[in-house]
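Worksheet for the structure shown next.
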Number of protein chains: 2
Amino acid sequence: MGRNIAALGTVTQPPGNVPKYYLVKRHLLEIIDALPPGSPVAPERVLTAELRTSRTTVRQALAELVGEGRLVRRQGSGTFVAEPKTAWPLSMASFSEQAAASGFQPGTRLLSVETVSADDDIARRLGLAPGANVHRIERLRTGDDRPLAVEVCFVSAARFPRLPDRMRSAQSLYEVFERHYGVVPVDAEETIETAAAPPAEAALLETDTGAPMLVLSRHTFDDSGEPVEWVRSWYRGDRYVFVARLTRPRPRRR
Amino acid sequence: MGRNIAALGTVTQPPGNVPKYYLVKRHLLEIIDALPPGSPVAPERVLTAELRTSRTTVRQALAELVGEGRLVRRQGSGTFVAEPKTAWPLSMASFSEQAAASGFQPGTRLLSVETVSADDDIARRLGLAPGANVHRIERLRTGDDRPLAVEVCFVSAARFPRLPDRMRSAQSLYEVFERHYGVVPVDAEETIETAAAPPAEAALLETDTGAPMLVLSRHTFDDSGEPVEWVRSWYRGDRYVFVARLTRPRPRRR
DNA sequence: TACGCGCATTGGACTAGACCAATTTACACT
DNA sequence: AGTGTAAATTGGTCTAGTCCAATGCGCGTA
């Protein structure tokens, strides 16, 4: 068509400054909403010409849509409408149980197990003296053989001797905790934040450096209130939505 | 100094492709980590010259650091090390209670109340026929007079007649539910995802269009399992971390 | 001293284009 | 018809620069 971006949609928003790339984004959104997942979208250079803008501006709009899980891009191939996001439950259940609850075949790839000296933050979280030895366990969690999350877990080396060896043959960390050490995690504090994917995590999760991620940090305690583990998990923000079930704590007051 | 980016740090990561902007980001991170909040960081053009790269590349690194809450930028003024993020609890408590628990003086600004026809998604969520009337309540929640979140709430118009009038003088929606309609929300399903800030939300939250956000959607039910409200809240991803407390549901099995 | 105007500084948005990498397509040759 | 290679297509990274908007500083003036 070749109509100018200025003619796109109606700007009902704040008086002046809606960036041009955002008009492009809304325009693309209208197109995407009408197409089923997998449908191809016009290539960058075509959009650039059609909308009379620079490639940079088009790319900024596309990048946001990719980050929000609306589009998928494949170099050399094209841009396509993405599948809807997948729900990921927040619960005390083990990874395998959570995955199963979401209808995935869970899998784990052990990336590295090493024993290192804890930095101040980790030591404090695990109730150890600064510099104490901790096991650092890095794993790639998969669902239906597709990468799902990268987890880095820290536990006290003194409390869990020979854990590295045991990890190499085990699937579930919680099972090892219980079987070999009699430790049962009973509650946890989870924090959720956004971050940009570092190159290593991006590669493992098959996305791009800088892609928006959901970072879930879990601080787990056993029944006596002792800290058990400190885990930091990276999930692709364009693929997953976290779901939490909340119940009113007390009957009522007032 | 004028040292080239190629000399920065050591690339132990994946074989080849670490983008140049990421080297800049790591370099800046080292600087930031050693400075207290509020400290100024060198302006873009200086970094561009020092690191022998383009302004675009420097800006990409800065943008990610801003999105992760490590830096704050003020046009005409400069770039500064940011305050640490603030924890925001996920619980069934009302906004005021949650804010108080986080040490904020809670406030609410009613942006708009209107009665509209529900789209299919909203109707389904509230258990209504498609096109049924719903009240749409848009509010800006504040903590210590600073914008905290933008909330858009939908409730059935048939179930809550004259709610718009009552809202205008009320602070707490839950209080109105209980006092005037005898409805007490008891549990909820919350979903958390990432998104880029639209211009309107960005303006209200005093950030930039496209800034990474945490979007919290809450589907609330009363004691008989009836849906009460559907709320979508936008929080600045660079400022807040969501915190959830989890407890193992069952005593144990196996 | 206090005020106000103008300029320099700084971040924000956008452009046009170069070069690279992955993929797909087209075509020549067997 | 099948196969392999070259070319075209498409997304990814980076550069160099323009113009604008908000802020803050300094200087001249009242």
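Within every chain, numbering begins at 1; the chains are lettered A, B, ... in the order of the sequence lines, protein sequences first and strands thereafter.
Counting only heavy atoms from C-beta on, B/R59 has its side chain closest to C/dA13 among D/dG11, D/dT23, C/dA13. The side chain of B/P43 sits closest to C/dG11 out of C/dG11, C/dG12, C/dT24. Of the candidates C/dC14, D/dT10, D/dT15, D/dT15 carries the atom nearest the B/K20 side chain, counting heavy atoms from C-beta on.
Counting to the nearest Å, the C1' atom of D/dT15 and the OH atom of B/Y21 are 17 Å from each other. Atom-to-atom, CZ of B/R45 to C1' of C/dG11 comes out at 7 Å; the value is rounded to the nearest Å. Here the P atom of nucleotide C/dG11 and the CG atom of B/L65 are 14 Å apart, to the nearest Å. The CG atom of B/L47 sits 15 Å away from the C1' atom of C/dT9 (whole-angstrom rounding). The interatomic distance linking B/L71 (CG) with C/dG12 (P) rounds to 11 Å, in whole Å. The CD-C1' distance, from B/E206 to D/dA22, rounds to 15 Å in whole Å. Atom CD of A/Q75 is separated from atom P of D/dT13 by 8 Å (rounded to the nearest Å). Counting to the nearest Å, the C1' atom of D/dA16 and the CG atom of B/L51 are 17 Å from each other.
Nearest-nucleotide positions on DNA chain C place B/E44 closer to the 5' end than the other of B/E44 and A/G76. Each of B/Q60 and A/A42 has a nearest nucleotide on DNA chain D; the 5'-most of these lies closest to A/A42.
Here A/R73 pairs with A/E44 in a salt bridge; the nearest charged N to carboxylate O distance falls below 4.0 Å. A salt bridge is defined here as a Lys NZ or Arg NE, NH1 or NH2 lying under 4.0 Å from an Asp or Glu carboxylate O, and B/K25 with B/E68 meets this definition. In summary, B/D121 and B/R125 engage in a salt bridge, as defined by a charged side-chain N under 4.0 Å from a carboxylate O.
Residue contacts shown for A/T56 include a base, since a base heavy atom lies under 4.0 Å away. Heavy atoms of B/R74 sit under 4.0 angstrom from primed sugar atoms or phosphate atoms, though from no base atom.
Considering only side-chain N and O atoms, B/T53 lies under 4.0 angstrom from the phosphate OP1 or OP2 of D/dT15. Between A/R73 and D/dT10, a side-chain N or O to OP1/OP2 separation shorter than 4.0 Å is absent. Regarding contacts with the backbone of C/dG11, a side-chain N or O of B/T79 is found under 4.0 angstrom from either OP1 or OP2. Close to C/dG17, at under 4.0 Å from its OP1 or OP2, lies no side-chain N or O of A/R55. The side chain of A/S54 contributes an N or O atom lying less than 4.0 Å from OP1 or OP2 of C/dT15.
If you look at A/F242 and B/F242, their ring centroids are not closer than 6.0 Å.
Looking at B/W88 and B/F104, their side chains come closer than 4.5 Å, going by heavy atoms from C-beta outward.
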